[in-house]
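This report refers to the structure that appears directly beneath it.
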Amino acid sequence: MPELPEVETVVRDLLTAGISGTTVKTCEFPWPNTADGLTPAEFTSRLCGKTISNATRRGKYIVLQLAQGGILLIHLRMTGKLRLATSPADTLPHDRLRITFTDGRSLILNDTRKFARARLGTSIDESLGHLGPEPLEPSFTAATLGKSLVHRKRAIKTLLLDQTIIAGIGNIYADESLFDAGIHPERLPATLSNAEIKKLHAAIRRALKKGIAANGTTLGNASTNFYSVAGRRGSNDTNLMVFRRNGLPCPKCDTTIERSVVGGRGTHHCPHCQPRHVNTPG
DNA sequence: TTTTGAGCCTGGAAGC
DNA sequence: TGCTTCCAGGCTCAAA
């Protein structure tokens, strides 16, 4: 599932492949619902003739900036993948959007589960203003993290997944960050000390940076797993301490890693390294 | 205002 | 071996 490090990897691959400067010639929507907020015809009409001037990332969104103004946003959701095709004959099952450029190449959004979306907007602020801070920006500090959590009454794991609180964290990096910080996924924010908030803040940044350095996380060999633009696998799976390691020994203490469901999400933790505290203010 | 849960989807795993 | 059922999970929206 593409989270911040995976999306960052995709954006870097797009830039390396020379996405900047390409001009859109045609759009095709094999799955019309991929066009978010517009009909495929409206989407095509507005995008054709526009030139991509840059590719960036905001949270889990790929942001393609248009030279004539405006942005094209792509969210990969669960199983979305982008690839650059050089031939019109390059088609695969589950292709949902094909943007062909005047240089003959096509940017193809392939998504097995049909969750991925593409959207046109005027600016990042207008389209993605609801997102929380970027966790790798200097402005994201332990103090800002603590402030955004203090009044919340949900389990810390569900708060880390809330994109309005922090942008870019998904299930993998939430579990890994909480393990690194020694915090039980069901702890309530009011029970966390300042020292624990600081540890969590550092753990989040560490987990994301490791993920980016490894070009993201690819689990298993299924086609639904993460692959970057050039079909590249991420190698961060070798860094994972708890995620999908339930039943295996904890790398730190050998206690068996447990799996539970928190906020409807599969959650993995070590019961020894991440003890469950009584949820009273402290 | 905040939290919770349903719905969107289909490949793959598990069970029979 | 083949069929059926269930699970996975990011995001939006409605309801509590």
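Naming: A, B, ... by sequence-line order, numbering from 1 per chain.
- Electrostatic pairing of Arg117(A) and Asp36(A) does not count as a salt bridge here, judged by no charged N lying under 4.0 Å from a carboxylate O.
- With a cutoff of under 4.0 Å to any heavy atom of chain A, the contacted region of DNA chain C is bounded 5' to 3' by dA8(C) to dT12(C).
- Among the atoms of the strands shown, only primed sugar atoms or phosphate atoms (P, OP1, OP2) are found under 4.0 Å from some heavy atom of His75(A).
- Within the cation-pi definition used here (under 6.0 Å to the ring centroid, within 45° of the axis), Lys210(A) does not qualify as a partner of Tyr173(A).
- Listed pair Arg154(A) / dT2(B) fails the phosphate criterion, with no side-chain N or O lying under 4.0 Å from OP1 or OP2.
- Across the protein-nucleic acid pair, Leu161(A) atom CG and dT4(B) atom C1' stand 15 Å apart, rounded to whole Å.
- Between Lys157(A) and Glu186(A) there is no salt bridge, since none of the side-chain N atoms of the basic residue sits less than 4.0 Å from a carboxylate O of the acidic one.
- Between Gly266(A) and Arg119(A), the residue anchored nearer the 5' end of DNA chain C, judged by the nucleotide with its closest heavy atom, is Gly266(A).
- Residues Ser260(A) and Thr267(A) bring no donor and acceptor atom of their side chains to less than 3.5 Å of each other.
- No donor-acceptor contact under 3.5 angstrom links the side chains of Tyr227(A) and Arg232(A), judged on distance only.
- In this structure, the ring of His201(A) has its center less than 6.0 angstrom from the ring center of Phe140(A).
- Judged by distance alone, the side chains of Asp111(A) and Thr79(A) do bring a donor and an acceptor atom under 3.5 Å apart.
- For the side-chain contact (heavy atoms from CB on, under 4.5 Å) with Leu82(A), the qualifying choice from Asp13(A), Ile108(A), Leu97(A), Leu107(A) is Leu107(A), the only one to do so.
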Sort me out a list of protein N/O and nucleotides 6-9 of chain B N/O pairs below 3.5 Å, or just none if empty.
from	atom 1	to	atom 2	distance (Å)
dC9(B)	OP1	Asn33(A)	ND2	3.1

